[in-house]
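What you are looking at is a predicted structure, and each value in this text was computed from that prediction instead of being measured. Naming: A, B, ... by sequence-line order, numbering from 1 per chain.
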2 protein chains.
Amino acid sequence: MDLETVKSKLHAMNFRLTQEREWVLRVFMESGEMFTAMQLYDRVKEQYNKVGLTTVYRLFEVLTKLRLVTPFLIDGEIYYTFCSGGHHHHFVCLDCHRVKNIYGCEMDTRDFSEIGKIEYHRMDLFGHCENCQGSVPSC
Amino acid sequence: MDLETVKSKLHAMNFRLTQEREWVLRVFMESGEMFTAMQLYDRVKEQYNKVGLTTVYRLFEVLTKLRLVTPFLIDGEIYYTFCSGGHHHHFVCLDCHRVKNIYGCEMDTRDFSEIGKIEYHRMDLFGHCENCQGSVPSC
DNA sequence: GCCTTATAGAAAAACATTTTCTATAAGCGT
DNA sequence: ACGCTTATAGAAAATGTTTTTCTATAAGGC
Ligand SMILES: [Mn+2]
Ligand SMILES: [Mn+2]
Ligand SMILES: [Zn+2]
Ligand SMILES: [Zn+2]
């Protein structure tokens, strides 16, 4: 998904795409990583300008409403990754926190009717990506 | 898993089973629910005696080391559920927060070698349990 | 351009979690 | 059963994170 599409989705819910949100979104969407609020704040500061940490928190909140982020709890910390498109699952590198989407869901074929009425599900794989499998963790 | 087994696991790691931990563990293990630290603290207070909130936090920490809890992030809150035994997945009722274990994993049959080296995975279903499907949410 | 109002960001407040400190009791050895 | 060692309880303080408040600003519609 590109920034223009996000802009449309923002406008559809009466949110605005400010200069600051654009900076944060660029870093966030292009990274392929997941971030805590503080980590994304730091990264934006490096690549663009300083923005308020509050702005990052508020963007996560807005993107949550637009269902454009997925939160992960890792070691007690909340990480967010940009997520768009149809149903998919995730592989998360425990070293570099890069995220890969996994398509093709086998859950739909199973019957869980006696367990309860399923609203949604998540499937997350954790491990080490190719870049991080060398003797020296590179990323 | 029963309390005696947990006691053994505690002792194996040089932890102690105190009276307070036993109270908390009884509520936690027998509930089939997941709790935030504060929720479990309140529940123990109702059913047994008042214990320190710190004690609950420390028990979650200890049980994490023993791999006897699984954390869930729901609406920005961290919930823990007692988890023992072999590999399994979960169904979580969004209404009453009861948790059901799901056995039989289809992930092992799939090949993710080109994605990365998988350490572990999680699969969680969210929805409404039988008790909570009536017009009046009962639990 | 003008107007309305959502948003930025600093500061404060609220909240969750961890640490510190001293008294206590769990578990072990005798 | 008794005594010893040390992990733990719990209150209080500290820490770290997230939210709220407030005023100036700028996004977006007309
Ligand atoms: Mn995704
Ligand atoms: Mn379980
Ligand atoms: Zn990696
Ligand atoms: Zn239920």
Side-chain angles (χ1 to χ4, degrees), chain A residues 3-28 34-45 47-66 68-69 71-80, chain B residues 3-28 34-45 47-66 68-69 71-80:
Chain A
L3 212 137
E4 278 306 306
T5 311
V6 176
K7 187 173 183 175
S8 306
K9 287 179 183 286
L10 283 167
H11 287 175
M13 297 267 280
N14 206 30
F15 296 123
R16 294 177 184 176
L17 180 58
T18 63
Q19 178 60 87
E20 291 79 4
R21 282 186 179 171
E22 191 179 316
W23 289 332
V24 180
L25 272 168
R26 279 191 194 286
V27 176
F28 191 41
M34 54 186 200
F35 300 92
T36 63
M38 183 60 84
Q39 286 172 349
L40 185 52
Y41 165 80
D42 285 333
R43 188 71 70 87
V44 173
K45 206 163 42 175
Q47 295 187 20
Y48 290 88
N49 289 290
K50 186 178 180 297
V51 296
L53 181 55
T54 314
T55 299
V56 177
Y57 275 107
R58 278 193 283 234
L59 184 61
F60 279 158
E61 189 184 18
V62 166
L63 293 179
T64 297
K65 283 179 182 148
L66 298 177
L68 287 178
V69 292
F72 285 83
L73 181 65
I74 297 180
D75 289 328
E77 299 232 80
I78 303 177
Y79 291 81
Y80 293 89
Chain B
L3 212 138
E4 278 305 306
T5 311
V6 176
K7 186 173 181 175
S8 307
K9 287 179 183 288
L10 285 167
H11 287 175
M13 297 267 281
N14 206 30
F15 296 124
R16 293 178 185 177
L17 180 58
T18 64
Q19 179 61 85
E20 291 81 3
R21 281 185 179 170
E22 191 180 316
W23 289 332
V24 180
L25 273 168
R26 278 191 195 286
V27 176
F28 190 42
M34 55 185 200
F35 299 92
T36 64
M38 183 60 85
Q39 286 172 348
L40 185 53
Y41 166 79
D42 285 333
R43 188 71 70 86
V44 172
K45 207 163 40 176
Q47 296 188 19
Y48 289 89
N49 289 288
K50 185 178 180 297
V51 296
L53 180 56
T54 314
T55 298
V56 177
Y57 275 108
R58 277 193 282 234
L59 184 61
F60 280 158
E61 190 184 18
V62 166
L63 293 178
T64 299
K65 283 179 181 149
L66 299 177
L68 288 178
V69 291
F72 286 84
L73 181 64
I74 298 179
D75 289 329
E77 299 232 80
I78 303 176
Y79 291 82
Y80 293 89

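- Between the CD atom of B:Glu22 and the C1' atom of D:dT8 there is a distance of 15 Å, rounded to whole Å.
- In this structure A:Tyr80 satisfies the ring-ring contact (aromatic ring centres under 6.0 Å, His included) test together with A:Phe60, sequence neighbours excluded.
- Taking atom CD1 on A:Ile74 and atom P on D:dT17, their separation rounds to 16 Å, with Å as the unit.
- Applying the 6.0 Å contact sphere to CG of A:Asp75 captures no more than 12 heavy atoms from other residues, nucleotides or ligands.
- Pairing each heavy atom of B:Tyr41 with each of B:Val51, the nearest pair is CE1-O, 2.7 Å.
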List the protein contact pattern of nucleotides 18-30 of chain C with one symbol per nucleotide (5' to 3'): B for base contact, S for sugar-phosphate-only contact, - for none; contact means a heavy-atom distance under 4.0 Å. BBB----BBS---

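- Taking atom CE of A:Met38 as the reference point, atom P of D:dT19 lies 13 Å away to the nearest angstrom.
- When side chains are defined from C-beta on, A:Leu17 does not count as touching A:Val6, because their heavy atoms never get closer than 4.5 Å.
- Taking atom CG of residue A:Asn49 and atom C1' of nucleotide C:dG9, one finds them 14 Å apart after rounding to whole Å.
- A straight line from CD of A:Glu77 to C1' of C:dA16 spans 13 Å, rounded to a whole angstrom.
- Between the CE atom of A:Met13 and the C1' atom of D:dA27 there is a distance of 18 Å, rounded to whole Å.
- The side chain of A:Lys50 lies closest to C:dA10 when the candidates are C:dA10, C:dA16, C:dT17.
- One can place CD1 of A:Ile78 at 13 Å from C1' of D:dG16, the figure rounded to the nearest angstrom.
- Using a 4.5 Å heavy-atom threshold, the side chains of A:Thr55 and A:Leu59 count as separate.
- Remark: P of D:dG16 and CG of A:Asp75 are 17 Å apart, rounded to the nearest angstrom.
- Under the 3.5 Å distance criterion, the side-chain polar atoms of A:Arg21 are matched with a main-chain donor or acceptor of A:Arg16.
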